[in-house]
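Read the structure below first, then the notes.
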There are 2 protein chains.
Amino acid sequence: MAETAAPKIVATGDLGVVVERATGSLLIIDQSELGAIARVEGLGDLSHASVVFSPDQRFAYVFGRDGGLTKVDITQKSIAHRIVQGGNAIGGAISDDGRLVAVSNYEPGGVRVFDADTLELVADFPTGSKTIGLVDAPGRQFVFSLWDAGETWRVDLSGTTPDITKVENVGINPYDALITADGRRYIVGLFGEDGLAAFDLWSEPLRPVRVLDGYGRGETPLPVYKMPHLEGWALAGDRFALPAVGRHEVLWIDAQSLEEVGRTKTHGQPIFAVARPDGRHVWVNYAHPRNDTVEVIDTRSGEVIRTLTPGPAVLHMEFTPRGHQLWLSVRDENRVEIYDTQTFEKIGAFEADTPSGIFFTARAHRSGL
Amino acid sequence: MAETAAPKIVATGDLGVVVERATGSLLIIDQSELGAIARVEGLGDLSHASVVFSPDQRFAYVFGRDGGLTKVDITQKSIAHRIVQGGNAIGGAISDDGRLVAVSNYEPGGVRVFDADTLELVADFPTGSKTIGLVDAPGRQFVFSLWDAGETWRVDLSGTTPDITKVENVGINPYDALITADGRRYIVGLFGEDGLAAFDLWSEPLRPVRVLDGYGRGETPLPVYKMPHLEGWALAGDRFALPAVGRHEVLWIDAQSLEEVGRTKTHGQPIFAVARPDGRHVWVNYAHPRNDTVEVIDTRSGEVIRTLTPGPAVLHMEFTPRGHQLWLSVRDENRVEIYDTQTFEKIGAFEADTPSGIFFTARAHRSGL
């Protein structure tokens, strides 16, 4: 890297990136500027791309659909390193100490773990299956599930050799999973089945419990346009807000018992239900063809208190870490918009090329994102 | 600031500061280095000092006991600006948008609010009372309480003029307060009284509810060496861990009902009970003369699972944001120690001059700290 390119940015706490999916590029964004400050190109196929950050919030690790793993230096606004580690990948994670980056692969199926500094392969966990729902857990652990084999694996990389725990018969086809923000519960979505499989990672031996029997195909009266993302169940006070599958509803789930305690009728099939960090409101976006709209639900009443129509294909929403703003991508109008979350006024907007995921560096300090 | 002092640090996510109370200086610390990288001097009286950070994690605002408010540039390792804004101050806060810094004063009694960029006075709220328990709340709000008047005030600075809500008869002598991490509950400690006053900031009108009747003087069998800090009740799963007053106990409080659900016998009178970010363990330090010891309590069992003796006067403990390490200050041996929170092994130590508070920049992204 050129020494002459002396960085003007000397603090990285309020930066972030926007994935430009069609062009394989990344915008570096700055909350102080309410906009983008640079574009980094050459990241390959970024459809369904996700991002994690190094603990110092200098590097973004971008997981591309094509198996690309790109380490972007957001202070230098350039690619620090890039490898193609698999043929078809879906998501990644970073260990709690920031030393290990893991990638979940469809082809060849499994999880590969890389040194966060060098991107050298540290460990390889072939599964013989498409691998989904990869998350990091406290203590240098990663947890993931096997689409074809119906298993969940936990790998512990805190010792000199990896310690692998495999749990069979989790379901027929796990399609996605999440870990709660405290790193305690790992919850697996089961394609075409009723209910979800929930693990308490604090309890030994690892054992899935079926929860939310009403959740899934059994009660689906509408064609499912897109399976909702499980990543990041919105924890709002003592309840999770959960997108219903194939229904125009958000479900409210008791955070302790994981039982349903209520429902909110929504504009469309929810994709993401995201809680403002204080848990008072949940913002929801929707599947095609109703994806021009965002609704805000009050957590206490369960009622929709505001409807916004940013434009066609609102793909992703990201709160600033203390929740005073929400940034969202309007893919089909090539724009990112910024809202004041107290007044719901639009306070900024900037151009982006087919924007999808928006990720702030504050994610570096949270588990399981 | 000299342009020639080109910063080598270009990422601020894993930095922090240690307050050196006797010398009025600040160490800048780096998690990647497991140590200190610079010292900044000239901050006045730092006994009982606290620190908040700007959203970009470039600036630390240090609140000194002598009324000094010092803005330290942690990338330049120097003081960016310093004012003496009062005669005797206790604590500060930063608004959720990072634009306003507030200071709580004993003399003259009240709260003063400053522009975070310039440190110019923006608003002044004289109270005619020593003012304590100042916290930030979502929506550009600050909440604080009045020692002499027994009141709690909320000031909302989101509009063109401040909106002040005053609640009387909260208690006789509020001595400290906290806000829960979600910004919803403001809980006031009442000196010499039984119970605490709890506000639900989501409910109008603001109204205190007395909780934890058994908490306070009524059951104190031992001399109280030091009132425990209320700041930062440890939320561990669905319970708070709370230092008992004047007893060798940690209390467990249901996070929703605020009722006591259990107690753990401890080595001494607890000062801080700090939850690892995943909530699985709570680390506790103690008042003089038993302040050489730290105990680790398992959240599920409520049992002490580990006892450490770092040395005389363990004053403060700070987890890395994802909880893989804990840093603590050993004041009377002029040392900061670093522990692996999975193995409890000491993995680092460095010299510091009478270290007290340790603050990582990740605090910039949380409310109410």
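Both backbone and side-chain heavy atoms feed into the values below; hydrogens, waters and symmetry mates do not. Lettering follows sequence order; numbering is per chain, from 1.
- Side chain of A/His365 to backbone of B/Gly13: a donor-acceptor contact under 3.5 angstrom is found.
- Using a 4.0 Å cut-off between charged side-chain N and carboxylate O, A/Arg322 and B/Asp136 make a salt bridge.
- Ranked by heavy-atom pairs under 4.5 Å with chain A, the list B/Pro55, B/Gly183, B/Ser54, B/Ser158 is led by B/Pro55.
- For the options B/Asp278, B/Asp182, B/Asp56, heavy-atom pairs under 4.5 Å to chain A are most numerous at B/Asp56.
- Atom CZ of A/Arg99 has 12 or fewer heavy atoms from other residues, nucleotides or ligands within 6.0 Å.
- Minimum heavy-atom separation, B/Asp238 to A/Gln256: CB-NE2, 3.4 Å.
- Considering only heavy-atom pairs separated by less than 4.5 Å from chain B, the leading option among A/Gly323, A/Ala137, A/Ser95 is A/Ser95.
- Looking only at heavy-atom pairs under 4.5 Å with chain B, the residue among A/Gln325, A/Gln342, A/Arg300, A/Arg140 that has the most is A/Arg300.
- B/Ile94 touches chain A through backbone and side chain together, each having a heavy atom under 4.5 Å away.
- For the pair A/Arg280/B/Arg184, no side-chain contact is recorded, criterion being any heavy-atom separation below 4.5 Å from C-beta on.
- Within the 4.5 angstrom heavy-atom criterion, no atom of B/Thr341 approaches chain A.
- Contacts with chain B were tallied for A/Pro277, A/Ala255, A/Pro138; A/Pro138 has the most, counting heavy-atom pairs under 4.5 Å.
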